[in-house]
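Start at 1 and go down the list; that is how both ligands and their atoms are numbered. Keep in mind that the numbers below use all heavy atoms, side chains included, and drop hydrogens, waters and symmetry copies.
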Amino acid sequence: MSKTIAINAGSSSLKWQLYQMPEETVIAKGLIERIGLPESVSTVSFDGDKHVTVKNIHNHTEAVAILMNDLKNLNIIAHFSEITGTGHRVVAGGELFKASVLITNEVAKQIEDLSDLAPLHNPANVAGIYAFCALLPEATHVAVFDTAFHATMPAVAYRYPMPNDYYDKYAVRKYGAHGTSHMYVAQKAADYLGKAPEDLKLITAHIGNGVSLTAIDGGQSVDTSMGFTPLAGVMMGTRTGELDASIIPYIMAKTGITDVAEVIDIFNKKSGLAGVSEMSSDMRDIISARDAGDEKASLAFDMFVNRIQKFIGQYLAVLNGADALIFTAGIGENSDVVRQAVVDGLSWFGLDIDESKNVFGADGIISTPEAKVKVLVIPTDEELVIARDVEKFKAQA
Ligand code: AMP
């Protein structure tokens, strides 16, 4: 029996979940927000209670120290040494990391060097890694990459049609993201469908604030909608998804913006549902406003659904048909409205939802018995995948 902590460090946040392993029981979980900003907030959920503290936390190193002390002060652990494993979600693994790895100094440096591919995330991931390695020198530390599941994509999917040099010299290619989530729900879907993953063609739709769809053939990712960075693919909460690159110089010329980074920032943080609705990036707000007759919210909703449908269409072509479509993440798991809207336009392909099953809290198959392509809702659990990977390395130690 031992404890493992799964860590998801964002640019200004640190999400964690403490497990008893190998039982896979969640002992406690929490979130530290506003790291580096005044009045950071640390929330610990334990034993049915929520403990919230507000104080200034300047960086991820401090955040990790505060989290570890909270675990002791709340009697969740008696000694730091009870935590024998830490697993870190790393957003970009580039072409270097095709599976989870044991963290060494060299690995941490390599993750840092890949920051160009995820400038907001990789530096935060590394800061979390260094802080845990310093506080828990005896523990097994593992990096789990968001991109690893997509390492099986063929060149035809991951290469961009541009001069070869950009790939050969600078590794410009599609890497994808949300890999642990796509992998987890695909395996669960196989269980629900009573088949081996090798015998299935699946389209997984991770629809949260970030959105990505993946085509999975025989358990392997063969194409995915995110690209070189997580800006690509489907329209998202605040991100554009794919668009014509010529728009960038055109906007710069028209608006007088001189720094291209500013345009990319707008495409990442002020676009998507938020940009079109001009009111929120949150799907709950969009649906309420649309229902109240707000035209911009209505257009934002329709564009969002349209982009998801088009990627499903692409992946039905890539896979030459599919056994099932799986919805997951904040919107995919919780919004019967979005699921219905997406599937409604795809009846020709053999998708059909049973309205009595498409309800809030659905978990499992929600399609009609006649549907050629089954539709499932499966809550994702990236933390569990991370904790399981740490266990594998602990067993080898
Ligand atoms: P995630 O990034 O996976 O945490 O997902 C966040 C998104 O899920 C936000 O856009 C939320 O509005 C959305 N969401 C959560 N609950 C619901 C719900 N009941 N109906 C619609 N959207 C939801």
For [X], the ligand 1 atoms whose distance to one of its heavy atoms is below 4.0 Å:
{"X": "Gly208", "answer": "1 (P), 2 (O), 3 (O), 5 (O)"}
{"X": "Phe360", "answer": "19 (N)"}
{"X": "Met283", "answer": "10 (O), 12 (O), 22 (N)"}
{"X": "Ala329", "answer": "3 (O)"}
{"X": "Ser335", "answer": "20 (N), 21 (C)"}

Please indicate whether Lys296 has more than 12 foreign heavy atoms, meaning atoms of other residues, nucleotides or ligands, lying under 6.0 Å from its NZ.
-> no

Shortest protein contact, [atom] (heavy atom only):
{"atom": "atom 3 (O) of ligand 1", "result": "Gly330 N, 2.9 Å"}
{"atom": "atom 6 (C) of ligand 1", "result": "Asn209 N, 3.7 Å"}
{"atom": "atom 11 (C) of ligand 1", "result": "Asp282 OD1, 3.5 Å"}
{"atom": "atom 17 (C) of ligand 1", "result": "Asn334 CB, 3.5 Å"}
{"atom": "atom 7 (C) of ligand 1", "result": "Ile331 CG1, 3.7 Å"}

Just checking, any donor-acceptor pair under 3.5 angstrom between side chains of Lys394 and Ser2?
-> yes

Once the angle between the rings of His178 and His206 is folded into 0 to 90°, is it parallel (under 30°), tilted (30 to 60°) or perpendicular (over 60°)?
-> parallel

Would you call the rings of Phe132 and His88 parallel, tilted or perpendicular if under 30° counts as parallel and over 60° as perpendicular?
-> perpendicular

Six-ring centre of Phe304, Arg307 cation under 6.0 angstrom, axis tolerance 45° = no

Ser277: what forms a side chain to side chain donor-acceptor pair (under 3.5 Å) with it, not counting sequence neighbours?
-> none

May I ask you to say whether Lys392 pairs ionically with Asp389, meaning some side-chain N is under 4.0 Å from a carboxylate O?
-> yes

